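Shown next, in structure tokens, is the structure this report addresses.
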Amino acid sequence: MGSYAYKYCMCFTRKFRSPAADPPPDVRAAFLAAGGGDGGLRRFLAQAQGEAPAEVDRILALLSGGGGGGGGGGIAARLVGPRPGPAPSLDDFFGFLFNADLNPPIATQVHQDMSAPFSHYYIYTGHNSYLTGNQLNSDSSDIPIIKALQRGVRVIELDMWPNSAKNNIDILHGGTLTARVQIIKCLKSIKEYAFCASPYPLVITLEDHLTPDLQAKVAEMLVKTFGNLLYIPSSDPINEFPSPESLMKKIIISTKPPQEYKKFLKSKDNQNINGGLANLAEEGSLRRIDSNAEESDGKDELDDQDEDSSDEDDPKFQQETACEYRELITIHAGKPKGHLKDALKVDPDKVRRLSLSETQLAKATASHGADVIRFTQKNILRVYPKGTRINSSNYDPMNAWTHGAQMVAFNMQGHDKALRLMQGFFRANGGCGYVKKPDFLLRTGPNGEVFDPNASMPVKKTLKVKVYMGDGWRMDFSKTHFDTFSPPDFYTRVGIAGVRADCVMKKTRTIEDQWVPMWDEEFTFHLTVPELAVLRIEVHEYDMSEKHDFGGQTCLPVSELKQGIRAVPLHDRRGTRYKSVRLLMRFDFL
């Protein structure tokens with residue numbers, strides 16, 4: 001591999017020789033047990049790696065075709081090539097195992113049942129999808145929408161407001177200093193990228209602050225822009241949502257009849273948004289007039305008795321709403337009204353979407369947790385960040401997931417630990433943006449009993465994780481990126497995010513002055529709810545100042561982990577996969 005020279009004290013040079021990335025003992029043992037040729041590899045994949053017969057055939061076909069990238073073609077020729085020919089070596093076998101494209105840690109294809117109603121799935125959901133940065137004064141643009149779609153997000157949120165001339169529609173975060181972007185630009189980008197990462201339905205939640213004439217204009221834009229991609233529901237109320245499978249390559253609209261715009265005009269006496277914001281700031285209370293105001297009345301706390309009843313069912317109000325606009329709505333949204341228990345009642349004759357802030361959800365699950373789960377078995381619950389998260393940070397999604405909330409809306413601009421957890425969760429099911437909820441969240445007992453996330457539960461599954469080694473930093477980073485005077489000192493943190501009883505983090509020892517660290521350490525995790533557990537993996541470079549450098553991360557759904565020795569690609573803080581950085585790990589379930 002050669003040596004690395006580092007200068008220190010201006011005139012001295014230190015040389016470090018990095019050892020070759022030799023196969024760990026377990027890889028050597030697996031190679032000897034498998035034997036050579038196609039038959040040996042097939043046996044290894046089926047027995048040691050636990051691959052299904054169809055997946056074994058797929059991997060062998062991929063190898064036979066020289067696919068997989070990363071130099072996989074030469075390895076493949078010797079592993080499954082015709083005989084007589086060069087026998088596969090230990091290095092060939094090791095190269096296959098350490099190739100993240102050929103030997104990934106989770107399945108890369110959709111494999112879950114996609115024929116159930118929408119309410120049976122977690123759906124990858126964005127919040128204020130058009131913002132480029134913070135929630136207060138960043139730009140609005142179609143670029144964040146494109147990036148979200150490229151990552152597999154399936155719910156895009158647009159806040160619609162009249163433009164300054166009141167004759168067209170802009171997208172912006174109302175009541176703030178965020179810049180505007182025209183709605184048509186967003187719609188055109190959505191059409192172009194809607195199914196670039198997933199063929200399953202894309203939901204657009206329209207937070208509506210428009211007059212009826214502008215609603216009609218939006219309806220015209222939607223039909224003209226999306227054409228046959230736009231799903232137009234029947235006029236009859238539905239008592240069950242359609243399935244993702246039945247609406248592949250379709251765009252679905254979710255919204256509710258507007259009322260916030262009328263309130264806004266009345267309360268602000270036609271002041272412009274910036275002026276309204278200034279007045280609110282002077283009062284010492286930055287009330288959030290945005291996508292969620294219509295559903296929470298601007299409050300994070302959900303009172304037992306809501307101040308205002310919804311205008312949605314008022315016939316007079318319905319007449320004021322553009323018919324063309326109403327006819328496009330598939331998922332009808334609403335805000336909680338009356339007592340919380342009433343808001344969570346299940347109507348046997350129709351389904352709907354209810355939105356709660358993260359704070360409202362915490363209150364609802366604390367006092368009416370069972371009702372929340374019953375509601376989400378048939379209806380859709382959307383959870384959104386509280387208004388004080390102006391820096392586009394996010395919240396822990398686990399409380400929402402354990403209570404069945406389908407649309408856990410996140411600020412995709414945040415790039416925080418919570419967002420990395422969200423990205424990892426939705427790597428499940430081939431990264432299609434829809435993940436089937438566990439059966440225990442869809443079941444109701446004979447006396448109406450449902451899953452209780454706070455109950456003490458026995459260990460259901462034990463996961464053993466072995467961290468062998470890592471490589472790729474020397475290709476993806478400069479020689480002095482981590483340390484000016486020596487090679488990096490890497491350690492790995494491994495842990496579980498899930499229900500409270502399952503959450504834990506552990507770490508390896510630090511390997512000093514090595515670009516290819518060899519840890520060979522094993523950890524055991526006892527899981528009570530493995531269906532919702534996410535494996536967290538982070539690599540850091542130790543620094544004596546305690547400000548350790550970031551060396552990569554990934555999050556993987558435990559329910560999707562493949563057993564055996566696997567190559568685990570790492571990502572940067574934003575969730576973008578590094579070109580070369582990866583870990584060699586082993587997963588076993590007991």
Side-chain angles (χ1 to χ4, degrees), residues 47-52 55 104-107 110-113 116 119-122 365-366 369-370 372-374 376-377 381 396-406 408 418 420-430 434-467 493-507 521-537 554-566 568 585-590:
Q47 297 176 4
Q49 301 289 85
E51 300 285 10
E55 182 65 9
I106 61 174
V110 175
H111 58 87
Q112 296 177 353
D113 175 21
S119 55
H120 289 204
Y121 299 86
Y122 299 113
T365 55
V372 173
I373 292 177
R374 292 188 195 98
T376 60
Q377 290 176 342
L381 177 61
D396 184 351
M398 200 54 64
N399 185 45
W401 287 337
T402 55
H403 286 86
Q406 297 88 348
V408 183
R420 295 197 289 270
L421 178 62
M422 176 71 71
Q423 292 169 341
F425 185 85
F426 280 101
R427 290 191 177 105
N429 202 22
Y434 287 80
V435 175
K436 192 79 160 56
K437 294 201 293 187
D439 289 340
F440 59 74
L441 283 172
L442 302 172
R443 288 195 300 260
T444 302
N447 298 315
E449 62 269 22
V450 294
F451 174 71
D452 182 1
N454 299 313
S456 178
M457 290 171 278
V459 172
K460 186 182 292 187
K461 189 172 289 188
T462 297
L463 170 66
K464 293 179 71 174
V465 177
K466 194 165 189 177
V467 186
R493 298 180 73 234
V494 183
I496 297 293
V499 297
R500 188 180 300 274
D502 295 348
C503 291
V504 65
M505 286 297 291
K506 304 179 180 182
K507 69 183 289 290
E521 294 187 46
E522 188 172 75
F523 305 97
T524 301
F525 302 98
H526 302 290
L527 307 175
T528 61
V529 187
E531 297 89 344
L532 294 177
V534 177
L535 180 68
R536 293 176 53 200
I537 303 168
T554 194
C555 291
L556 300 171
V558 168
S559 62
E560 299 265 324
L561 287 175
K562 293 186 172 189
Q563 76 174 53
I565 301 172
R566 300 290 174 176
V568 179
M585 305 180 71
R586 183 184 188 121
F587 307 111
D588 291 295
F589 290 99
L590 305 179

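Because the structure is a prediction, the values reported are computed rather than measured.
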Next item on the list: Go through the steps for Ile106 and Leu561 under the test side-chain contact (heavy atoms from CB on, under 4.5 Å), then give the verdict.
Entry: CA-CA 5 Å; Ile106 61 174; Leu561 287 175; 4.2 Å; yes
### Message
Under the criterion salt bridge (charged side-chain N to carboxylate O under 4.0 Å, His left out), I'd like the reasoning laid out for Glu560 against Arg427: C-alpha separation, chi angles, the key distance, then a yes or no.
### Response
CA-CA 9 Å; Glu560 299 265 324; Arg427 290 191 177 105; over 6 Å; no
Using the rule given for salt bridge (charged side-chain N to carboxylate O under 4.0 Å, His left out), can you reason through Lys506 versus Glu521, listing the C-alpha separation, both sets of side-chain angles and the distance that settles it, and then say yes or no? CA-CA 11 Å; Lys506 304 179 180 182; Glu521 294 187 46; over 6 Å; no
Thr376 vs His403, test: side-chain contact (heavy atoms from CB on, under 4.5 Å). Steps then yes/no. CA-CA 8 Å; Thr376 60; His403 286 86; 6.0 Å; no
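Heavy atoms only, all atoms of each residue included: Val465 and Met585 are closest at CG1-CE, 3.4 Å. When every heavy atom of Gln377 is checked against every heavy atom of Leu442, the shortest pair comes out as NE2-C, 3.5 Å. Considering every non-hydrogen atom in both Tyr122 and Phe425, the closest pair reads CD1-CZ, 3.6 Å. Nearest heavy-atom pair, Val408 versus Ala400, reported as atom, atom and distance to 0.1 Å: CG2-CB, 3.7 Å. What you find for Leu532 and Met398 is that their closest heavy atoms are O-CE, 3.7 Å. Of all the heavy atoms in Pro104 and Lys562, the pair that sits closest is O-CD, 3.8 Å.
Here Lys466 pairs with Asp26 under the side-chain hydrogen bond (donor to acceptor under 3.5 Å, both in side chains) rule; sequence neighbours left out. For Thr528, the side-chain hydrogen bond (donor to acceptor under 3.5 Å, both in side chains) partners at least two apart in sequence or on another chain are Asp502. Contacts of Glu531 classified as side-chain hydrogen bond (donor to acceptor under 3.5 Å, both in side chains), with partners at least two apart in sequence or in another chain: Lys460. With sequence neighbours left out, Arg493 forms a salt bridge (Lys or Arg N to Asp or Glu O under 4.0 Å) with Glu538. Partners of Tyr434 according to the ring pair (Phe, Tyr, Trp, His ring centres under 6.0 Å) rule, which considers only residues two or more places apart in sequence or in another chain, are Phe118. Listed by chain and residue number, nothing satisfies the salt bridge (Lys or Arg N to Asp or Glu O under 4.0 Å) test with Lys436 (two or more places apart in sequence, or in another chain).
The distance from atom CG of Leu556 to atom CZ of Arg536, rounded to the nearest 0.5 Å, is 12.5 Å. Put simply, OG1 on Thr462 and NE2 on His526 are 5.0 Å apart, with the number rounded to the nearest 0.5 Å. Rounding to the nearest 0.5 Å places CD1 of Ile373 at 7.0 Å from OG1 of Thr402. How far SG of Cys555 is from CD1 of Ile537: 8.0 Å, rounded to the nearest 0.5 Å. Separating the CZ atom in Phe587 from the CD atom in Gln49 is a distance of 11.0 Å, to the nearest 0.5 Å.
Here the rule is side chain to side chain contact (heavy atoms under 4.5 Å, CB included) with Phe523, and of Val467, Leu463, Ile496, Val504 only Val467 fits it.
Under the 4.5 Å side-chain criterion, counting only non-hydrogen atoms from C-beta, Val529 is in contact with Phe440. Asn429 places none of its side-chain heavy atoms less than 4.5 Å from the side chain of Tyr121. In this structure, the side chains of Pro397 and Leu421 come closer than 4.5 Å at one or more pairs of heavy atoms. Under the 4.5 Å side-chain criterion, counting only non-hydrogen atoms from C-beta, Leu381 is in contact with Gln406. At a threshold of 4.5 Å between non-hydrogen side-chain atoms, the residues Trp401 and Val435 do not count as touching.
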